[in-house]
Number of protein chains: 2
Amino acid sequence: MFRTFGETDVAEREFDARRARAGIPEATVARLPLYHRVLVGLADDGVSTVSSDALAATAGVSPAKLRKDLSFLGSYGTRGVGYDVRHLLTEIGLELGITLEWPVVVVGVGHLGHALANYGGFTSRGFRLAALVDSDPSRHGEVVSGVKVRPAADLAELVRDEQVVIGVIATPSEAAQEVADALVAAGVRSILNFAPVVLSVPSEVEVRKVDLASELQILAFHEQRKSAPHLIPPAVGGVGS
Amino acid sequence: MFRTFGETDVAEREFDARRARAGIPEATVARLPLYHRVLVGLADDGVSTVSSDALAATAGVSPAKLRKDLSFLGSYGTRGVGYDVRHLLTEIGLELGITLEWPVVVVGVGHLGHALANYGGFTSRGFRLAALVDSDPSRHGEVVSGVKVRPAADLAELVRDEQVVIGVIATPSEAAQEVADALVAAGVRSILNFAPVVLSVPSEVEVRKVDLASELQILAFHEQRKSAPHLIPPAVGGVGS
DNA sequence: AAGTGTGAATTGATTCACAGCC
DNA sequence: GGCTGTGAATCAATTCACACTT
């Protein structure tokens, strides 16, 4: 961090910018979509400036955490004033790649697939439902949310033609690994998996999972602690039974 | 915390057991459902003993993490051998309260509500679909997964009669806060929220959320970094526009 | 020899608290 | 006076590495 010559200014700024962008902690990245959503709401309400306290309260996080998070993106606030809603929105949007339109393929057009296809936030947040795929021939040709359901065999072609990089697995568990393999083979590098199975994919492919049963079980665990910690059978060797 | 007399042994063991159970880190709790699911699979395959390495590989976590996680529950493994699948399954099940049957109410019977109601893991993992509620009169009386859809006005009564403590919000965003208020008023203390809004609830109510758009945006963020970090417009004051 | 259980070390996330700027 | 930005401190999670048990 030696700042000796004026000419290093540009190189330094470039370096700083890259570092700032490269080094965003995972926990922060995971909250950016939340901030983005809340800011969209504020903008819609005509709010033009917001303090970290107010924004944090609306997003349900602590003000310190919010400020720290935003500081990783850059210094987009004004001391004594707050953040410009529109500006911050733009910056977070850039960071999340919302300016682009990511084509997404959804595999599995059961109830969940329908729910996903019809999900409004889907199209309004930088994603485009590029293709719907299902292995059940009776569904082929059906149009959901303006997109025709295609056979699984067409997956590779669809991914190529639409330049899909994100795939969503909304099939039954049994089919999930097979679908993941097909997605990877087709060139998809990010997968959102709704099936309750552990997928095995090459390390360069990123998988995120949404698991209803796990979420419920986590709630149940806490519920159990809250309601009657002393009622839990000890289950330690020797006692009971 | 004085340990002066031999007679404190029993009290100490009790204390240790409670402490072990009370002090399970959140990150560990969040993985227990995963371990449970993987173990069920192993048990179904007739596997009776498993090492931390094998179990970790199947669950997609590091062996050290797995062992540390399990150590919070107690010492249920055998050195030089591994873990008894059935025993470990029982212990994790107890910890998660899977031995009980938690009645759950799902509010909102659109595609997502249908998907949830028909989700197999739901009933097979310690939960019971106790009630389905929707505000749309045209859906009332419809039977989904063996449960009749009831009007929103019946919520309080259903929660009381079925002793529901967990509620799932599968409504459009606009209705989510209203539904949350109704659930809380009815006595529900744990909520799983699929609507992309920040719910405000009393502090004693636990909310977990599942947000499709956020998950996709997190994937998109990483995708953007992977593919072309240098193509990101700087967007730092002065440049462009 | 194999493999768990766990202190110690490390890495990451959150919170504190206040200097700096408007 | 108000509010951001951020080092420093704290707290939590993960990984290391090895003593201990079978």
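Each chain gets a letter, A, B and so on, in the order the sequences are listed, and its residues count up from 1. As the structure is a prediction and not an experimental result, all values here were calculated from the model.
- Following rounding to the nearest Å, A/Arg67 (CZ) and C/dG20 (P) show an atom-to-atom distance of 16 Å.
- The nearest whole Å value for the distance from the NE2 atom in A/His87 to the C1' atom in D/dT4 is 15 Å.
- With hydrogens and angles ignored, the 3.5 Å screen pairs a side-chain donor or acceptor of A/Asn193 with a backbone N or O of A/Val197.
- Atom CG of B/Leu66 and atom C1' of C/dG3 are 12 Å apart (whole Å).
- Closest-nucleotide positions on DNA chain C for A/Gly80 and B/Ser51 were compared, and the one nearer the 5' end corresponds to B/Ser51.
- Considering only side-chain atoms of A/Lys68, the nucleotide from D/dG5, C/dT15, D/dC16 that sits closest is C/dT15.
- The side chain of B/Ala27 sits closest to D/dT14 out of D/dT14, D/dT6, C/dA13.
- Using modelled atom types, one finds no donor on one side chain facing an acceptor on the other under 3.5 Å when comparing B/Glu206 with B/Ser190.
- The side chain of A/Pro25 sits closest to C/dA13 out of D/dG7, C/dA13, C/dC22.
- Distances shorter than 4.0 Å separate none of the side-chain N or O atoms of B/Thr78 from OP1 or OP2 on C/dT4.
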Under 3.5 Å, which donor-acceptor pairs link side chains of residues 31-50 of chain B to any protein atom two or more places apart or in another chain?
from	atom 1	to	atom 2	distance (Å)
B/Arg31	NE	B/Tyr35	OH	3.4
B/Arg31	NE	B/Asp69	OD2	2.7
B/Arg31	NH2	B/Asp69	OD1	3.1
B/Arg31	NH2	B/Asp69	OD2	3.3
B/Tyr35	OH	B/Asp69	OD2	2.5
B/Arg37	NE	A/Pro196	O	3.0
B/Arg37	NH1	A/Asp211	OD2	2.3

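- D/dA13 atom C1' lies 15 Å from atom CD1 of B/Ile24, rounded to whole Å.
- Listed pair A/Arg31 / C/dT14 meets the phosphate criterion, a side-chain N or O lying under 4.0 Å from OP1 or OP2.
- The CG-P distance, from B/Leu88 to C/dT4, rounds to 11 Å in whole Å.
- Per the geometry, CG belonging to A/Asp53 stands 7 Å off P belonging to D/dT4, to the nearest Å.
- Of the side-chain N and O atoms in A/Tyr83, one or more sit less than 4.0 angstrom from OP1 or OP2 of D/dG5.
- Side-chain N/O atoms of B/Lys65 include one lying less than 4.0 angstrom from OP1 or OP2 on D/dT14.
- Residue side chain B/Arg79 does not reach the base of D/dT22 through any donor-acceptor N/O pair under 3.5 Å, judged by distance alone.
- Summarising the geometry, the separation between CG on A/Asp84 and C1' on D/dT4 is reported as 14 Å, rounded to the nearest angstrom.
- Under the 3.5 Å distance criterion, the side-chain polar atoms of B/Ser75 are left unmatched by any main-chain donor or acceptor of B/Ser71.
- Rounded to an integer number of Å, the gap from A/Leu70 CG to D/dT6 P is 11 Å.
- For A/Glu26, the CD atom is densely surrounded, since the number of other residues' heavy atoms within 6.0 Å is greater than 12.
- Within the nucleic acid shown, A/Ser62 comes within 4.0 Å of sugar-phosphate atoms alone, with no base atom in reach, counting heavy atoms only.
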